Amino acid sequence: MSILRFLLSLVSLLLFLMLVGVPAKNVDVKPQEQRIPTTLEGPFAPSTIKFDPSLRRGSEDLPMDHPRLVKIVPSMFPEQIALAVSSPTSMWVSWVTGDAQVGANLTPLDSSMVRSEVWYGLMETGNYSFFQQGTSTVYSQLYPFKGLMNYTSGIIHHVRLEGLQPGKRYHYRCGDSSLGAMSEEHVFQIPHSNSNSNSDHHHHRIAVIGDLGLTINSSSTIDHLEKNDPSMILFVGDMSYANQYLTTGGKGASCFSCAFSDAPIRETYQPRWDGWGRFMEHLTSRIPMMVVEGNHEIEPQINDITFKSYLARFAVPSQESDSESNFYYSFNVGGVHFIMLGAYVDYNRTSKQYEWLKKDLRKIKRCNTPWLVVSMHAPWYNSYSSHYQEFECMRLEMEQLLYQNGVDIVLSGHVHAYERMNRVYNYKLDPCGPVYITVGDGGNIEKIDVDHADEPGKCPKQSDNQPEFGGVCHMNFSFGPAKGNSFCWDRQPEWSAYRESSFGHGIFEVLNSTHSLWTWHRNQDAYKESNGDQLYIIRQPQLCLPKSQTNCHY
């Protein structure tokens, strides 16, 4: 690092310590008073917390008759209500009415038989000054194989509420007023999108979660997340795990190919999606949830159709962000520009996604949204045996573009464990590289990952970990601390700062234009006052961004 970079880092650290009142040196204090480290003190020595054998590595799925999964409203009344940010002044409201069907020969519901209405207002309960109508759809999951059951969904509604005032609380009901089939009243607050001198526009507590499923562990994760009172949920893929079942339902499996080796196709029991929507509704009906697809959302069926449930069930601001696809899009919340990337659609440099990403990055005004956070399901940096180097092709195509545009944080799932990286670019420590974080530890039926690629006998073969989409671009290392190792490190890589095999979720909180707090909450921490991992992430725009993007009053 040059003298100038060192001085800038030192000044930033001293200013931060004055801001939060953190002691400049470690002192003898009680554990709960330990100061929180900052990225300016990094890179950190690699640390690994082994799996606690007193905890469950996995658990079975909740049955469909579990109280959190059963339908509790009459047929045509709204259920599975969910919010999603549309724009700085608009919000998506989605829900399902009618009864899904499973069987051999099915007749889909007529989506025009029920209206898509939302009545909403700013003032007291029951006073709805505004009204908006939307669209509805029905989708099917069809299999041309003997013995497999088909599925057709209930009526899925999406309504876009426009002209909303940021920071204001809205009361709303959704449904069909002509049938008297309206939901109970719910309340939401549309978040501020930009940063300005008003500090209240910061302090959005954004929950980050991935690979959730519907197990007992999943329930613990969601209950703990709710206690942390987030204002938005960022879901980095793999939601219901409906594809861990045969179409006939029954019992799910932690390994589909092991349990159902003679299945003619990767089957999926779609009613698990309906159960998952009910499982999440108490949160998603009042807190916007932004999603990106994972590999468990692929769900192939006839005619090579994929992602049917994901595309039908979730409203995302693709058109609002000039994207032609619901697999990748962007939005602003609380001084953060979020970019959601699709790992299971074309991402190479000639693709529509890559071209859209370049245009989206060019449009960002860092004075208004100083933070730039990217989310995608599959991690580029991962030292676990599971999915090790699986998405090297995507990294090789896109990493340079993210680095050149000053991305601050990259959030992923897929690996069922937690890992936080030091700032890194192209496998080398870099003070201007993003902080990569893997949070694929929601609690799904496939269990927690515990093996690391650098442990003796745990390095996967180069023929392993092939992605469902894209090629294989495994790297043989011939530089840095991995020099001389053909495929796996022989120790925890220097870019891996902290890793732990445990279920949990993250909370990302922006404090101001240069400082944010990242906290990883393990499920077991809900019962004691402790955190699995905590770090102040500090931006250095003067050091890492072009002058054209740093003429702001930081």
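All values derive from a computational prediction rather than experimental measurement.
With hydrogens and angles ignored, the 3.5 Å screen pairs no side-chain donor or acceptor of His296 with any backbone N or O of Asp211. Remark: the backbone N or O of Arg522 is paired with a side-chain donor or acceptor of Asp525 at under 3.5 angstrom. A donor-acceptor distance shorter than 3.5 angstrom exists from the side chain of His66 to the backbone of Arg68, with no hydrogens or angles considered. In this structure a side-chain-to-backbone donor-acceptor pair under 3.5 Å is missing from Trp95 to Ser183. For Thr89 (side chain) and Leu164 (main-chain N/O), no donor-acceptor pair under 3.5 Å exists by modelled atom type. Checking side-chain atoms of Ser218 against main-chain N and O of Leu212 turns up a donor-acceptor pair under 3.5 Å. A donor-acceptor pair under 3.5 Å is formed between the side chain of Gln353 and the backbone N or O of Gly342. For the pair Arg205 (side chain) and Glu509 (backbone), a donor-acceptor distance under 3.5 Å is absent. Not one N or O on the side chain of Arg420 forms a donor-acceptor pair closer than 3.5 Å with the backbone of Tyr436. The main-chain N or O of Ile81 is found under 3.5 Å from a side-chain atom of Thr284 such that the two form a donor-acceptor pair.
Between Glu324 and Ser318 the shortest side-chain heavy-atom distance does not fall below 4.5 Å. With a 4.5 Å cut-off on side-chain heavy atoms, Leu372 and Leu361 count as touching. Side-chain contact check for Arg115 versus Ser178: some heavy-atom pair is nearer than 4.5 Å. Contact check for Glu293 versus Val236: no side-chain heavy atoms found under the 4.5 Å cut-off. Residues Gln189 and Lys168 are not in side-chain contact: their nearest non-hydrogen atoms beyond the backbone lie 4.5 Å or more apart. No side-chain heavy atom of Leu225 sits under 4.5 Å from any side-chain heavy atom of His521.
No side-chain donor-acceptor contact under 3.5 Å links Ser502 and Tyr418. In summary, the side chains of Thr369 and Asn332 do not present any donor paired with an acceptor at a separation below 3.5 Å, with no hydrogens or angles considered. Looking at Arg313 and Tyr139, their side chains do bring a donor and an acceptor atom within 3.5 Å of each other. Donor-acceptor pairing under 3.5 Å is recorded for the side chains of His377 and Asp238. Counted by atom type alone, Arg160 and Ser90 present one or more donor-acceptor pairs between their side chains at under 3.5 Å. Looking at Glu117 and His157, their side chains never bring a donor and an acceptor atom within 3.5 Å of each other. Side-chain atoms of Asp223 and Thr221 include no donor-acceptor pair closer than 3.5 Å. At a cut-off of 3.5 Å, with distance as the only test, a side-chain donor of Tyr403 or Asp430 sits close to an acceptor on the other residue. In summary, the side chains of Trp92 and Glu320 do present a donor paired with an acceptor at a separation below 3.5 Å, with no hydrogens or angles considered.
Ring geometry, Tyr310 versus Phe314: the interplanar angle falls from 30° to 60°, so the pair is classed tilted. Ring geometry, Tyr241 versus His416: the interplanar angle exceeds 60°, so the pair is classed perpendicular (tilted spans 30 to 60°).
A salt bridge links Asp408 with Arg366; the closest basic N to acidic carboxylate O contact falls under 4.0 Å. With respect to Glu397 and Arg395, no salt bridge is recorded, no charged nitrogen being found less than 4.0 Å from a carboxylate O.
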Val374 vs Leu341, side-chain contact (heavy atoms from CB on, under 4.5 Å): CA-CA, chis, key distance, verdict: CA-CA 7 Å; Val374 170; Leu341 293 180; 3.7 Å; yes
Criterion salt bridge (charged side-chain N to carboxylate O under 4.0 Å, His left out) on Lys308 and Glu299, from CA distance to verdict: CA-CA 7 Å; Lys308 197 69 175 179; Glu299 298 183 313; over 6 Å; no
From CA spacing to verdict: side-chain contact (heavy atoms from CB on, under 4.5 Å), Phe188, His171: CA-CA 7 Å; Phe188 71 85; His171 302 259; over 6 Å; no
Verdict with reasoning, Gln80 to Met280, per side-chain contact (heavy atoms from CB on, under 4.5 Å): CA-CA 7 Å; Gln80 306 178 49; Met280 296 294 292; over 6 Å; no
Step-by-step salt bridge (charged side-chain N to carboxylate O under 4.0 Å, His left out) determination, Lys358 to Glu355: CA-CA 5 Å; Lys358 287 197 300 183; Glu355 186 62 27; 3.4 Å; yes
From CA spacing to verdict: side-chain contact (heavy atoms from CB on, under 4.5 Å), Ser516, Tyr536: CA-CA 6 Å; Ser516 68; Tyr536 284 110; over 6 Å; no
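For Trp495 and Tyr381, the gap between ring centers is short of 6.0 Å. Taking the six-membered ring wherever Trp is involved, the centroid distance between the rings of Phe307 and Phe327 falls below 6.0 Å. Remark: aromatic rings of Phe391 and Trp380 are distant, center separation not under 6.0 Å. For Trp119 and Phe131, the distance between ring centers is under 6.0 angstrom.
In this structure, the ring-ring contact (aromatic ring centres under 6.0 Å, His included) partners of Phe338, at least two apart in sequence or on a different chain, are Phe331. Every residue meeting the side-chain contact (heavy atoms from CB on, under 4.5 Å) condition with Ser330, not counting sequence neighbours, appears here in chain and number order: Ser321, His337, Ile339, Trp356, Asp360.
Among residue pairs with one or both ends in residues 175-186, none qualify as salt bridge (Lys or Arg N to Asp or Glu O under 4.0 Å); sequence neighbours excluded.
A distance of 10.5 Å separates CZ in Arg286 from NE2 in His186, rounded to the nearest 0.5 Å. Note that the CD1 atom of Ile437 and the CG atom of Leu411 stand 5.5 Å from one another [nearest 0.5 Å]. For the atom pair OG (Ser136) and CG (Leu109), the distance works out to 10.5 Å, reported to the nearest 0.5 Å.
Scanning both residues, Val410 and Met376, for their nearest heavy atoms gives CG1-CE, 3.5 Å.
Tested against Tyr120 for a ring pair (Phe, Tyr, Trp, His ring centres under 6.0 Å), the candidates Phe130, Tyr172, Tyr128 yield a single pass: Phe130. A side-chain hydrogen bond (donor to acceptor under 3.5 Å, both in side chains) with His505 holds for exactly one of Asn228, Thr519, Asp441; it is Asn228.
Within a 6.0 Å sphere centred on CD of Gln319, other residues, nucleotides and ligands contribute 12 heavy atoms or fewer.
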